[in-house]
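Okay, structure first, notes after.
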Amino acid sequence: GMGWDDDVYVVGEWYHTTHSFQISNNNYMNGGCTSGNWIWTGFVAKFNKQGTYQWVEDNKGWRRTSDNYCSNDHRNEIRDIVVDNQSNFYFVGMHYGEGTQGCFEFNGHRTCRNNGYGWDWNMFIIKVNSQKTVQWAKSIGLNEQDYIREVVLDQYQNPIVRGYKSGGNSYTFGQSTVPSGSGVFIAKWNASGTEEWYKRLTECCHDQDQRDSGIAVDPDGNVHVVYG
């Protein structure tokens with residue numbers, strides 16, 4: 001992602017226990033999973049417009065609200081990031097867990113799922129200010145696989161996401177009803193974190209190739225989506 005001041009934000013995930021990996025010269029991401037379990041952990045790294053490293057933060061996966069226990073059963077993956085005109089950034093992805101077990105934590109702010117169902121993927125979106133303080137975070141999903149793959153901003157700096165839902169029951173998203181079954185979707189929050197709307201675009205597919213698409217918003221706020 002690119003900030004308005006041309007700073008560069010990079011997201012991804014890495015597989016580790018207590019291992020570290022090098023972000024730039026003499027700057028490392030340190031693995032904090034002291035339980036000895038391997039885990040996929042998301043991260044956000046920032047570089048200035050000259051390419052100089054600024055900071056990195058991980059999005060740790062935890063078992064419950066108060067547990068200090070990590071395992072690959074509670075992993076998370078970050079898929080995209082976007083920066084608004086106030087240097088707040090939104091990042092999106094998915095995290096895995098069971099019922100109320102499965103949390104993610106960015107810079108000390110922990111968010112947990114609470115759907116009462118078995119093992120599955122929930123989608124998430126997190127808003128963070130320029131000081132790396134979490135403004136709000138959402139975990140959304142029920143008894144299925146809900147993924148967010150991309151996030152953009154409308155003309156008022158509200159986040160709109162593109163994702164995919166694979167199976168499961170319907171549930172409520174703001175004033176919208178998320179239909180059961182599988183398909184590509186787009187959804188919108190306002191900048192304060194209120195769910196605005198959810199739109200199903202397709203009624204298929206379990207084929208991975210049918211899930212790939214892209215999204216953009218024009219200057220008038222119209223949303224454009226392509227999908228295969």
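Quick caveat: nothing in here was measured; it's all calculated off a predicted structure.
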Mind checking whether Val178 and Lys165 have side chains closer than 4.5 Å, heavy atoms only?
yes

Taking all non-hydrogen atoms of both residues into account, name the closest pair between Ala137 and His109 and its distance.
CB-CE1, 4.2 Å

Would Phe173 and Trp189 count as a ring-ring contact (aromatic ring centres under 6.0 Å, His included) here? Give the steps.
CA-CA 10 Å; Phe173 183 95; Trp189 289 262; 5.1 Å; yes

Main-chain N/O of Thr111 paired with Glu105 side-chain donor or acceptor, under 3.5 Å
no

Let me see the working for Asn222 and His224 under side-chain contact (heavy atoms from CB on, under 4.5 Å), right down to the final yes or no.
CA-CA 7 Å; Asn222 300 303; His224 304 262; 3.9 Å; yes

Is Gln131 atom CD crowded by more than 12 heavy atoms from other residues, nucleotides or ligands, each under 6.0 Å away?
no

Could you tell me if Asn122 and Ser139 have a donor-acceptor pair between their side chains, going purely by distance under 3.5 Å?
yes

Reported CZ-to-CE distance for the pair Phe124 and Met94, which is rounded to 0.5 angstrom
8.0 Å

Using only atom types and a distance under 3.5 Å, with no angle test, would you say the side chain of Glu195 pairs donor to acceptor with the backbone of Gly174?
yes

Say you draw a straight line from OH of Tyr90 to CD1 of Ile148; how long is it, rounded to the nearest 0.5 Å?
13.0 Å

Where the side chain of Trp136 meets the backbone of Ala191, is there a donor-acceptor pair that is under 3.5 Å apart?
yes

Residue pair Asn76 / Asn59, side-chain donor-acceptor N/O under 3.5 Å:
yes

Compute both the distance and the angle, then confirm whether Arg149 meets the cation-pi test with Tyr147: under 6.0 Å from the six-membered ring centre, within 45 degrees of the axis.
yes

Trp55 and Phe47 aromatic centres sub-6.0 Å
no

Indicate yes or no for a side-chain donor-acceptor contact from Asn190 to the backbone of Asn158 under 3.5 Å, with no hydrogens or angles considered.
no

So, does Ser176 use its side chain to make a donor-acceptor pair with the main chain of Trp197 at under 3.5 Å?
no

Step by step, work out the side-chain contact (heavy atoms from CB on, under 4.5 Å) result for Val128 and Asn88.
CA-CA 6 Å; Val128 185; Asn88 303 299; over 6 Å; no

Is the distance from the ring center of Tyr9 to that of Phe91 below 6.0 Å?
no

Salt bridge Glu13-Arg79, side-chain N to carboxylate O under 4.0 Å:
yes

Do NZ/NE/NH1/NH2 and the carboxylate oxygens of Asp154 and Lys188 come within less than 4.0 Å?
yes

Determine, stepwise, if the pair Ile81 / Val44 fulfils side-chain contact (heavy atoms from CB on, under 4.5 Å).
CA-CA 9 Å; Ile81 190 169; Val44 180; 3.7 Å; yes

Approximate separation, where rounding is to 0.5 Å, of Asp7 CG and Asp5 CG:
4.0 Å

When rounded to the nearest 0.5 angstrom, what distance separates CZ in Phe89 from NZ in Lys46?
8.0 Å

Trace of the side-chain contact (heavy atoms from CB on, under 4.5 Å) decision for Ile215 with Val223
CA-CA 7 Å; Ile215 185 172; Val223 181; 3.8 Å; yes

Between Gln135 and Thr133 (side chain of the first, backbone of the second, donor and acceptor by atom type, cut-off under 3.5 Å), is there such a pair?
yes

Using the ring of each side chain (for Trp, its six-membered ring), is His95 parallel, tilted or perpendicular to Phe104, with breaks at 30° and 60°?
perpendicular

Output the distance between atom CG (Leu201) and atom CD1 (Ile186), rounded to the nearest 0.5 Å.
5.0 Å

Rounding to 0.5 Å, atoms CG (Asp58) and OG1 (Thr41) come to a distance of 6.0 Å

With sequence neighbours left out, the residues meeting ring pair (Phe, Tyr, Trp, His ring centres under 6.0 Å) with Tyr171 are none

Walk me through whether Glu57 and Lys132 qualify under salt bridge (charged side-chain N to carboxylate O under 4.0 Å, His left out).
CA-CA 9 Å; Glu57 289 285 347; Lys132 295 188 295 180; 3.0 Å; yes

Would the distance check show the side chain of Asn48 and the main-chain N or O of Gln50 forming a donor-acceptor pair, the cut-off being under 3.5 Å?
yes

